[in-house]
Amino acid sequence: MNNLILITGSNGGIGSKLAEYLIKNGFRNIVCQYHRSNENIKKILESNDFPTEKHLFKADLTDEEDVKNLNLNIQEKLETEVSSIINVAGGSTNCVSWKMKTED
């Protein structure tokens with residue numbers, strides 16, 4: 001898979017609709033991240049013949065080790081690296097990103 005796109009927060013409303021849109025428009029080179037539940041995105045992937053073991057990854061994006069493992073798991077299963085990220089994962093902290101503490 002070249003030009004692999006990672007969609008974070010893919011189980012939520014915006015994330016799952018975005019993944020569905022990309023799939024319906026011919027994108028086959030996507031992987032989807034979820035944190036807790038995956039029922040929405042799993043249904044979308046399965047109904048479009050995407051094997052979930054290669055396109056669906058669980059990770060807590062607030063945990064640096066989980067993010068590292070997410071990247072390693074994707075590389076291991078797909079033998080390629082993520083080239084683009086569409087970040088739809090939710091969270092709210094009022095701060096300039098480069099001044100944020102890791103905990104935030």
Side-chain angles (χ1 to χ4, degrees):
M1 287 188 185
N2 295 333
N3 299 316
L4 185 64
I5 300 169
L6 167 62
I7 303 171
T8 67
S10 65
N11 195 62
I14 294 171
S16 61
K17 291 296 182 188
L18 176 61
E20 187 172 39
Y21 174 84
L22 291 174
I23 291 168
K24 298 268 187 234
N25 284 279
F27 287 83
R28 303 296 295 171
N29 54 343
I30 65 170
V31 291
C32 300
Q33 175 274 335
Y34 69 97
H35 181 203
R36 290 186 184 93
S37 171
N38 69 2
E39 69 181 53
N40 293 334
I41 191 61
K42 187 175 181 179
K43 286 178 189 174
I44 292 167
L45 292 173
E46 289 175 342
S47 69
N48 288 281
D49 298 322
F50 274 72
T52 56
E53 66 276 0
K54 287 190 172 187
H55 294 274
L56 190 57
F57 294 87
K58 182 176 184 178
D60 177 355
L61 300 182
T62 65
D63 181 319
E64 287 185 67
E65 281 303 309
D66 242 20
V67 173
K68 288 177 188 175
N69 288 331
L70 170 64
N71 189 39
L72 291 173
N73 289 336
I74 291 170
Q75 287 179 23
E76 182 180 295
K77 288 191 179 186
L78 299 175
E79 299 179 353
T80 190
E81 294 183 3
V82 171
S83 60
S84 302
I85 298 175
I86 301 175
N87 185 30
V88 189
S92 178
T93 300
N94 189 7
C95 186
V96 178
S97 62
W98 61 86
K99 292 183 180 181
M100 289 179 75
K101 297 177 187 172
T102 302
E103 301 80 45
D104 294 335

- Is it true that a side-chain atom of T8 and a backbone atom of V88 form a donor plus acceptor pair closer than 3.5 Å? yes

For this session: Using atom types as modelled and distance alone, determine if a side-chain donor or acceptor of S83 lies under 3.5 Å from a backbone N or O of L4.
Result: yes

Ignoring hydrogens and geometry, is there a side-chain-to-backbone donor-acceptor pair from H55 to I30 under 3.5 Å? yes

Tightest non-hydrogen contact, residues K54 and K77, listed as CE-O, 4.3 Å

Heavy atoms of N38 and N11 approach each other most closely as C-OD1, 3.1 Å

The reported gap from CG in D60 to CG in N69 (rounded to nearest 0.5 angstrom) is 11.5 Å

Given the rule that I, L, V, M, F, W and Y join up when any side-chain heavy atoms are under 4.5 Å apart, are L72 and L70 in one cluster? no

CG of L78 to CG of N73, rounded to nearest 0.5 Å, is 10.0 Å

The reported gap from OG1 in T80 to CG in N3 (rounded to nearest 0.5 angstrom) is 8.5 Å

Shortest non-hydrogen pair, I44 vs S16, comes out as CD1-O, 3.4 Å

Might you work through the side-chain contact (heavy atoms from CB on, under 4.5 Å) test for I23 and L45, ending with a clear yes or no? CA-CA 9 Å; I23 291 168; L45 292 173; 3.9 Å; yes

Any sub-3.5 Å donor-acceptor pair from S10's side-chain atoms to G15's backbone N or O? no

When rounded to the nearest 0.5 Å, the distance separating CZ of F27 from CD1 of I7 is 9.5 Å

Here the salt bridge (Lys or Arg N to Asp or Glu O under 4.0 Å) pairs for residues 14-23, sequence neighbours left out, are K17-E20

Are there over 12 heavy-atom neighbours, none belonging to E64, within less than 6.0 Å of that residue's CD? no

Using a 3.5 Å distance criterion without hydrogens, assess whether the side chain of Q33 forms a donor-acceptor pair with backbone atoms of G9. yes

Notebook entry, point to check: Would K58 and D66 satisfy side-chain contact (heavy atoms from CB on, under 4.5 Å), going step by step from the backbone distance to the final call?
Noted result: CA-CA 9 Å; K58 182 176 184 178; D66 242 20; over 6 Å; no

Original post:
Should L6 and F57 count as side-chain neighbours, where that means a heavy-atom distance under 4.5 Å?
Top reply: no

